[in-house]
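Any value given below was found using the heavy atoms of this structure, including those in side chains, with hydrogens, waters and symmetry copies removed. All ligand and atom numbering here is 1-based and tracks the order in the structure.
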Amino acid sequence: MYGICPAAGRKERAVMKTRIMVKEGEYRLTKAGVMDARIDAEELYCFMNKCDKVILFLKKEEEVDKETEERYFELIARRASRIPLQHITGVQEFMGFQFKVGPDVLIPRQDTETLVEEAASTIREMGKDVEKKPLLSRLRKSEDIKVLDLCCGSGAIGISLSKICSDISVTAADISLPALQLAAENAAALRTDVEFLQGDLFEAIAQGKRILPGGRTGRGRGTKTRDFDMIVSNPPYIRTNSIAVLQEEVKAHEPLTALDGGRDGLDFYRRIVDRAWHWLKKDGWLLMEIGYDQGEDLRKLIKDNGNYTPAQVIKDLPGKDRVVKCRKK
Ligand code: GLN
């Protein structure tokens with residue numbers, strides 16, 4: 001059984017050291033074409049033992065029993081079949097919070113933290129604008145800043161904003177009921193109050209079917225038009241014929257509805273740009289994640305609509321265009 005990996009040696013062994021077992025795991029993942037084989041081999045060990053990497057380091061010379069070894073290589077085999085690591089562990093960290101994930105939602109990407117950080121700093125600036133106003137109008141305007149997260153999936157964007165910004169109220173919408181049920185669970189586990197509505201883009205807001213933790217449904221709080229100070233969205237934006245070249249983990253295990261943006265990848269942007277202004281207050285912000293090569297298309301879409309200020313394109317940490325931001329005129 002062992003001996004595939006040079007580190008494990010060629011002969012059968014009665015016992016194996018942790019270090020050798022994890023090395024063998026890495027080797028099997030590499031052979032299966034998994035990108036971050038070492039990281040994933042270590043993560044699966046930590047997941048199995050409910051420990052962190054420091055413990056793995058401390059235990060690396062310890063011998064593992066047969067049963068542990070079998071359980072570990074079972075996890076490795078699942079990952080080697082290209083099931084995403086997060087579908088095995090059931091979680092993904094995003095903005096420092098743990099989100100439950102599964103096949104019904106897109107796994108939150110680090111790229112998307114750029115959108116959350118930009119939205120959060122814009123919200124902070126809005127708060128400062130209120131502080132600059134005379135006391136009387138400040139007292140009158142003691143309402144929360146209202147944020148809408150469209151195509152919320154696991155809820156990562158809206159829930160993170162609701163955790164890191166004070167004085168905001170977040171509504172999150174998605175077309176997928178199972179996604180919303182998971183998102184509602186995430187909000188409850190992270191102890192934050194977010195309203196979840198089901199429907200196709202802005203129809204969710206207009207109709208207001210509210211999804212509560214545990215799969216119950218209720219009525220929304222009756223959102224009016226021109227109600228939001230900010231709309232954020234990470235809509236599906238991959239071109240239909242680029243789906244085939246995505247990694248196996250993504251194309252075979254993540255929901256296509258969260259990825260496929262139509263022939264040119266812009267279908268959802270067209271619909272959002274077309275209607276977002278109707279739901280925004282005057283001077284309200286629209287922020288969306290975009291693909292690295294969609295900045296110019298979005299600048300043009302937003303300009304041609306005529307209801308927004310010129311779009312600003314913001315880069316992610318690796319320096320690629322990642323977020324588009326504009327304001328309702
Ligand atoms: N960034 C994601 C990916 O490359 C796509 C996210 C999306 O379509 N909104 O897999």
For Phe73, does the six-membered ring have the charged nitrogen or CZ of Arg28 within the cation-pi criterion, i.e. under 6.0 angstrom from the centroid and within 45° of the normal? yes
May I have the step-by-step check of salt bridge (charged side-chain N to carboxylate O under 4.0 Å, His left out) for Lys17 and Glu63, ending in yes or no? CA-CA 4 Å; Lys17 282 185 175 176; Glu63 286 174 346; over 6 Å; no
Identify the closest protein heavy atom to atom 9 (N) of ligand 1: which residue and atom is it, and at what distance? Pro235 O, 2.6 Å
Measure up the Tyr237 and Tyr269 rings against each other and bin them: parallel (under 30°), tilted (30 to 60°), perpendicular (over 60°). parallel
Close approach, Asp111 and ligand 1, non-hydrogen under 4.0 angstrom: no
Look at atom 1 (N) of ligand 1 and say which protein heavy atom is nearest, naming residue and atom and giving the distance to 0.1 Å. Tyr237 OH, 3.0 Å
Go through Glu74 and Arg71 one step at a time and tell me if the salt bridge (charged side-chain N to carboxylate O under 4.0 Å, His left out) criterion holds. CA-CA 5 Å; Glu74 251 168 52; Arg71 277 199 297 137; over 6 Å; no
Per-residue contact class, Arg109 against ligand 1 - non-hydrogen pairs under 4.0 Å: side chain
Quick check on contacts: which atoms of ligand 1 are under 4.0 angstrom from a heavy atom of Leu259? 5 (C), 8 (O), 10 (O)
Numbered atoms of ligand 1 (with element) below 4.0 Å of Asn234, judged on heavy atoms: 7 (C), 9 (N)
For atom 4 (O) of ligand 1, closest protein heavy-atom neighbour: Ile238 CD1, 4.0 Å
Can a non-hydrogen atom of Ala258 be found less than 4.0 Å from any atom of ligand 1? yes
Under 30°, 30 to 60°, or over 60°: which ring-plane class applies to Phe94 and Phe99, parallel, tilted or perpendicular? perpendicular
Can you see whether Trp285 has Lys328 sitting over its ring - NZ or CZ less than 6.0 Å from the centre and within 45° of the normal? no
